[in-house]
Amino acid sequence: MIGRAHVYSRPHINTDEIIPARYLNVHAEAELAKHAMEDIDSEFVSKVQPGDFVVVGEDFGCGSSREHAVWALRGARVAGVLAGSFARIFYRNAINNGFLAIECLGLSEATSSGDQLEVDLASGVIINHTTGATHRFSPIPDFAREMMQAGGLLKSVEKKLKATGSPGS
Amino acid sequence: MSQTITEKILARHSGHDRVRANDLVNAQIDLIMCHDVTTPPAISMLKSIGVHRVFDPTRIVVTPDHFVPNKDIQSALLAKILRAWVEEQGIEHYYEIGRHGICHALLPEMGHILPGTTVIGADSHSTTYGAFGCFSTGIGSTDLAAALATGELWFKVPASMKIIADGLIPHGVFAKDIILEVIRQIGVDGARYMAMEWCGSTIDSLSMESRMTLTNMAVEAGAKSGIIAADETTRRYLAEKPHSKNRAFDAVQSDADAHYDQVVHIQVDQLEPMVALPHLPSNGVGISRVVKDSVVLDQAYIGSCTNARIEDLRVAAQVLKGRHVARSCRTMVVPATTSIYNQALREGLFEIFTDAGCAISTPTCGACLGGYMGVLAEGERCISTTNRNFVGRMGHPKSEVFLASPATVAASAIEGKIADPRKYLETP
């Protein structure tokens, strides 16, 4: 996967900045996408292009449990978030949605907005084609990789319920 | 081999004799909390995968709280979707406007939260319920949909951090000051992915209401859960609540030699009232330093799942009785639940608040997350009993939120600038 970087290296970017609560009265991704990252960068939505990466510092997505944060970024056609580290609910929500969330300590400091990044999932590296640098990222845990490959938690629940012939379905 | 209370609860709910930190488990869920913002997306998801019945309607508790009474047409639709779904699924534990409340205050006071259980809520402050010795954590809407469909959910067993709080609580210091001090010490990601387990003589002496203030803000240190083992105080509280009074429960305890990744000691008798400065809950500073800066305020807010229970309102009333809030500092009091509202009314607290010039509203999460009923304009400053002071949390990205206890917020409302509550509180 190749895309441009949008870098916000400050730690503790919280879900209120990713998608402010004033927009939580809807949950359609296309609507949420119009306000993605609005309180940290009001121009983000006009700059982002399909397949781009959001590159951030540590503890990204702290704060509320709103999955709207993941949906807003996905709705804005962001290919994934490359963070120093993630707050747990955001990370969980990303995995459950099959949305790419990669932990790569120090990447945001070594990357500039506009850099061309290539994420190679198989070899576990991020290549910066603008600077030539290569960054090894923390391996995605097996269960998270499986969940992402299965298309997210909902898909795996659907499969499981079909297999067991659950009375709920 | 020894286990923490969190490991024991997760082991028992996942069919294991024992589990260790970082194990992946699929745990049975005893109770699911649903509210108006995060549940409607889960309802759509359930429909999309053809699930027409929830796993067990008796184990689901629903209250609209974030944007009710409806703030606008779109949030009216969310509340309507929630209500229709409750009827369709035959969910008995639904708290409509007039009986509703902020979920994290409402579920405990109705007796829905029992020790030894697993609880999830599609809201980050679901850590609150851990004050009752249960494993409880906040999840997103997809997790919610999965749990509503199957009654179980995947978890990585969290490592535990033990926080030992000892000493008598000084005059003018409250549970809020203790948690702000702990977050100041360990940082907003100091307990990331961990269970924050509280113990010590101070914790033993705290009411359930105060314990909930501690576990409520576990997520502000990045924790997965907060937990306090059930004791006599817990039993007495549960014996009086409608849904718990006749129910048996399993008061699980940590083994004496259980493993903790980190142990934090806090000597409470050294504390003074704390204020967390913008824009992180970890920016706690002792009140004696903050007052020197003469921080002028536009709004004071007493509300939220952190600090709007009856004992919080009593303390605020004690400070405000016979006094008046500053003309330049509009002040709101928002009791967390309908029954707290009714009790405050009966106790005469409302008269004290209105005489002091405060506005009182029906329960809502509203202003805490910048939704409505107290949103801040650009450049405005608010001192608040809530739990987050992130950029834009209560309104404009260029507004500022200061977090403090109800006593400190009430004292600050009187002076129109951040003030030390101790001079307004009677010495015991």
Side-chain angles (χ1 to χ4, degrees), chain A residues 10-17 20-29 31 38-40 42 58-59 62-71 85-98 141-144 147 152-162 164 166-169, chain B residues 24 37-38 40-41 44-46 48-55 66-67 71-75 77-78 121-126 137-146 149-150 154 156 158 188-189 192-193 219-220 222-224 279-280 282 369-372 375 388 390-393 395 397:
Chain A
R10 207 200 78 210
H12 316 303
I13 291 173
N14 67 81
T15 54
D16 285 300
E17 294 170 286
R22 56 186 176 274
Y23 305 120
L24 296 186
N25 53 7
V26 296
H27 50 266
E29 283 192 16
E31 276 304 307
E38 184 170 301
D39 281 1
I40 186 158
S42 56
E58 293 190 53
D59 197 31
C62 62
S64 95
S65 72
R66 66 189 70 155
E67 204 162 313
H68 308 64
V70 172
W71 300 331
S85 63
F86 291 97
R88 64 162 282 275
I89 306 181
F90 182 92
Y91 190 60
R92 195 179 166 99
N93 286 339
I95 293 171
N96 284 343
N97 276 278
D142 289 342
F143 76 96
M147 186 93 77
L153 178 63
L154 210 59
K155 284 268 180 254
S156 66
V157 167
E158 185 180 18
K159 215 159 138 191
K160 196 160 142 191
L161 290 177
K162 276 201 180 121
T164 57
S166 155
S169 54
Chain B
L24 270 180
V37 167
T38 49
S44 310
M45 290 177 200
L46 288 174
S48 78
I49 59 167
V51 173
H52 304 297
R53 307 305 303 173
V54 296
F55 83 109
H66 275 57
F67 296 150
K71 109 179 163 94
D72 55 24
I73 292 169
Q74 283 158 321
S75 39
L77 177 62
L78 294 181
D123 187 285
S124 63
H125 291 108
S126 301
T137 191
I139 44 120
S141 300
T142 301
D143 278 322
L144 176 63
T150 63
W154 68 273
K156 192 164 85 170
V188 289
D189 54 358
R192 209 162 57 95
Y193 287 87
V219 66
E220 262 55 74
K224 181 173 211 154
H279 292 284
L280 283 177
S282 56
L369 71 162
Y372 71 137
V375 174
R388 292 194 173 126
F390 296 147
V391 169
R393 173 69 181 177

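Every chain is numbered from 1 and lettered A, B, ... according to where its sequence line falls, protein lines coming before strand lines. We use all heavy atoms of the structure for the numbers below, so side chains are in, but hydrogens, waters and symmetry mates are not.
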Discussion item. Below 4.5 Å, heavy-atom pairs only: which of B:L77, B:I73, B:L280, B:D189 has the largest tally toward chain A?
Written reply: B:D189
Discussion item. Do the side chains of B:R388 and A:D16 get close enough for a salt bridge, i.e. N-O under 4.0 angstrom?
Written reply: no
Worksheet item: Heavy-atom distance under 4.5 Å to chain B: side chain of A:L154, backbone, both or neither?
Response: both
Worksheet, complete the sentence: Applying a strict 4.5 Å limit to non-hydrogen atoms, the region of A:N96 in contact with chain B is both
Item to complete: Search all heavy atoms of A:I89 against all heavy atoms of B:G140 and return the closest pair with its distance.
Response: CG2-N, 4.4 Å
Worksheet entry | Segment of B:L369 engaging chain A (4.5 angstrom heavy-atom cut-off) | both
Worksheet item: Are side-chain heavy atoms of A:H27 and B:S44 found at a separation under 4.5 Å?
Response: yes
Worksheet entry | Shortest non-hydrogen contact between A:M147 and B:W154, atoms and distance | CE-NE1, 3.4 Å
Discussion item. Quick one: does any side-chain atom of A:E67 pair with a main-chain N or O of B:S141 as donor and acceptor, under 3.5 Å?
Written reply: yes
Worksheet item: With respect to chain B, which residue among A:C62, A:S65, A:A28 yields the maximal number of heavy-atom pairs within a distance under 4.5 Å?
Response: A:S65
Worksheet item: How many angstroms lie between atom OG1 of B:T142 and atom NZ of A:K155, to the nearest 0.5 angstrom?
Response: 11.5 Å
Discussion item. Using every non-hydrogen atom in the two residues, find where B:F390 and A:G63 come nearest and quote the distance to one decimal.
Written reply: CE1-CA, 3.7 Å
Discussion item. Given heavy-atom pairs under 4.5 angstrom as the criterion, report whether the side chain, backbone, both or neither of B:V219 touches chain A.
Written reply: side chain
Discussion item. Please give me the minimum heavy-atom distance between A:R22 and B:K71, naming the atom from each residue.
Written reply: O-NZ, 4.3 Å
Worksheet entry | Heavy-atom pair of closest approach, residues A:N25 and B:D72 | ND2-OD2, 2.7 Å
Worksheet item: Which residues pass the ring-ring contact (aromatic ring centres under 6.0 Å, His included) test with A:Y23, sequence neighbours left out?
Response: A:H35
Practice prompt. Please tell me if the side chains of A:K160 and B:T150 come closer than 4.5 Å, counting only heavy atoms from C-beta onward.
Written response: no
Worksheet item: Between NE2 of A:H68 and OG1 of B:T38, what distance do you get to the nearest 0.5 Å?
Response: 7.5 Å
Fill in: Any B:R192 side-chain heavy atom under 4.5 Å of A:S85 side chain
yes
Fill in: From CD (B:Q74) to CG (A:L24), nearest 0.5 Å
11.5 Å
Discussion item. Within the 4.5 Å heavy-atom criterion, are A:L153 and B:D143 side-chain neighbours or not?
Written reply: yes
Item to complete: Only counting residues at least two apart or in another chain, list the ones meeting side-chain contact (heavy atoms from CB on, under 4.5 Å) with B:L144.
Response: B:I32, B:C34, B:T39, B:A42, B:A122, B:I139, B:L148
Item to complete: Specify the closest pair of heavy atoms between B:S124 and A:S64, including all atoms of both residues, with the distance to one decimal.
Response: OG-CA, 3.5 Å
